[in-house]
Amino acid sequence: MIDNVISPEFDENGRPLRKVRSFVRRQGRLTKGQQHALDTYWPTVGVEFTPQPINLAETFGNEGPVVLEIGFGMGASLVAMAKSHPHQNFLGIEVHSPGVGACLASAHEAGVNNLRVMCHDAVEVLEKMIPDNSLRLVQLFFPDPWHKARHNKRRIVQIPFAELVLSKLKLGGVFHMATDWQAYAEHMLMVMSTIGGYRNQSATQTYMPRPDSRPLTKFEQRGQRLGHGVWDLMFERVK
């Protein structure tokens, strides 16, 4: 696995450009199991970044619909979804290598073979690698809310990003977001409602009940016990 999640960019004078990122890469120590999974399973399940579009059918070995998840954490819910939907293909992106290792280990233990993972900046993957009109579903669950006002610009859900996702979805494809920060949910709703190519699937034009397709994580269960809310937004590409 190439341990470089951001491709360097330079100005006309050769100076490196500093771009606003939605993540800070916190490199925790890999456990022995995570390292073993990276060493053993990455060659068959991992996908290295390449600055040109990939053939998704070749990547998965079939023509099944593709679900892209951005920021899968330790991968528990992603593996559960892949196991529950064997006729769909799942591509997960995560920048933290311990999470990638944990996901690979869980996928192997579950016998999942319809899952591929990447360790790279998801925005760059969408821009360079994912063909237009190719995805059935894009999932973004509990991204960093960057709750301080001076950090709001780092939130991944902004108009340019939502428009990028729109271009990668097939007609009828869905962008599904979830957050446990109400202010971020309101921001997401505002951003998504400004883009003409999407239709809010909520009957109230606000938020959706949690669909069965999104597994209830331990983190979310704990939040529910503490009285925390979770907001799901599902927007369909309609043109």
Side-chain angles (χ1 to χ4, degrees), residues 1-7 21-62 64-131 134-144 156 165 168 175-178 213-215 217 219:
M1 183 178 76
I2 299 174
D3 194 33
N4 182 11
V5 302
I6 304 172
S7 298
R21 298 288 176 182
S22 64
F23 60 88
V24 175
R25 198 180 187 204
R26 297 173 289 273
Q27 282 297 83
R29 179 173 295 182
L30 288 158
T31 66
K32 289 183 179 180
Q34 291 164 357
Q35 186 64 63
H36 173 77
L38 287 172
D39 294 339
T40 307
Y41 310 129
W42 177 266
T44 54
V45 181
V47 178
E48 298 287 1
F49 175 77
T50 178
Q52 57 263 346
I54 60 172
N55 185 314
L56 291 170
E58 289 183 359
T59 299
F60 287 96
N62 62 71
V66 178
V67 177
L68 173 68
E69 178 158 343
I70 297 170
F72 57 73
M74 303 304 278
S77 63
L78 177 60
V79 170
M81 285 184 284
K83 185 173 183 178
S84 297
H85 301 87
H87 301 299
Q88 298 181 30
N89 297 317
F90 290 80
L91 175 61
I93 306 175
E94 176 57 58
V95 296
H96 302 295
S97 52
V100 175
C103 183
L104 290 172
S106 297
H108 175 74
E109 183 177 351
V112 167
N113 56 24
N114 58 330
L115 172 64
R116 302 291 181 270
V117 298
M118 295 191 65
C119 189
H120 203 82
D121 174 17
V123 174
E124 195 172 1
V125 172
L126 282 166
E127 290 174 341
K128 304 289 180 59
M129 290 185 67
I130 304 300
S134 64
L135 302 175
R136 187 192 72 81
L137 179 64
V138 174
Q139 300 178 160
L140 178 68
F141 299 153
F142 307 104
D144 194 325
I156 191 171
V165 170
K168 304 305 174 179
F175 184 17
H176 180 189
M177 295 153 280
S213 60
R214 182 172 70 76
T217 65
F219 170 80

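This structure is a prediction, so every number in the text was calculated from the model and none was measured.
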Do [X] and [Y] have side chains that get closer than 4.5 Å, going by heavy atoms?
X: Gln52; Y: Lys128; result: no
X: Ile70; Y: Leu126; result: yes
X: Arg29; Y: Pro98; result: no
X: Val95; Y: His120; result: no

- Parallel under 30°, tilted from 30 to 60°, perpendicular over 60°: which one fits the rings of Tyr41 and His36?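 Judged by the thresholds at 30° and 60°, the geometry between Tyr41 and His36 is perpendicular.
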- Task: Walk me through it: do Gln139 and Phe72 pass the test side chain to side chain contact (heavy atoms under 4.5 Å, CB included)?
- Result: CA-CA 9 Å; Gln139 300 178 160; Phe72 57 73; over 6 Å; no
- Output, in order, the C-alpha distance, side-chain angles, deciding distance and verdict of side chain to side chain contact (heavy atoms under 4.5 Å, CB included) for Met118 and Leu91. CA-CA 8 Å; Met118 295 191 65; Leu91 175 61; 4.0 Å; yes
Using 0.5 Å steps for rounding, measure from the [atom1] atom of [X] to the [atom2] atom of [Y].
X: Ile93; Y: Glu124; atom1: CD1; atom2: CD; value: 10.5 Å
X: Ser97; Y: Leu38; atom1: OG; atom2: CG; value: 6.5 Å
X: Cys119; Y: Phe49; atom1: SG; atom2: CZ; value: 12.5 Å
X: Met81; Y: Ser213; atom1: CE; atom2: OG; value: 7.5 Å
X: Leu137; Y: His85; atom1: CG; atom2: NE2; value: 10.0 Å

- Trace of the side chain to side chain contact (heavy atoms under 4.5 Å, CB included) decision for Val117 with Phe90: CA-CA 8 Å; Val117 298; Phe90 290 80; over 6 Å; no
Just by distance, do the side chain of [X] and the backbone of [Y] share a donor-acceptor pair under 3.5 Å?
X: His108; Y: Leu104; answer: no
X: Glu58; Y: Asn55; answer: no
X: Thr31; Y: Gln34; answer: yes
X: Glu94; Y: Gly99; answer: no
X: Lys168; Y: Pro131; answer: no

Where do [X] and [Y] come nearest, in terms of heavy atoms and distance?
X: Leu115; Y: Gly92; answer: CD1-N, 4.5 Å
X: Met129; Y: Thr50; answer: CG-O, 2.8 Å
X: Glu69; Y: Ser77; answer: OE2-OG, 4.2 Å
X: Pro143; Y: Ala178; answer: CD-O, 3.5 Å
X: Phe60; Y: Arg116; answer: CE2-CG, 3.5 Å
X: Ala105; Y: Ala37; answer: N-CB, 3.7 Å

- Message: So, applying side-chain hydrogen bond (donor to acceptor under 3.5 Å, both in side chains) with Asn89, which one of Thr59, Asn114, Asn62 is it?
- Response: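 Going through the options one by one, the only one that passes is Asn62.
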- Message: Apply side chain to side chain contact (heavy atoms under 4.5 Å, CB included) to residues Leu135 and Ile130 and explain how you reach the verdict.
- Response: CA-CA 8 Å; Leu135 302 175; Ile130 304 300; 3.9 Å; yes
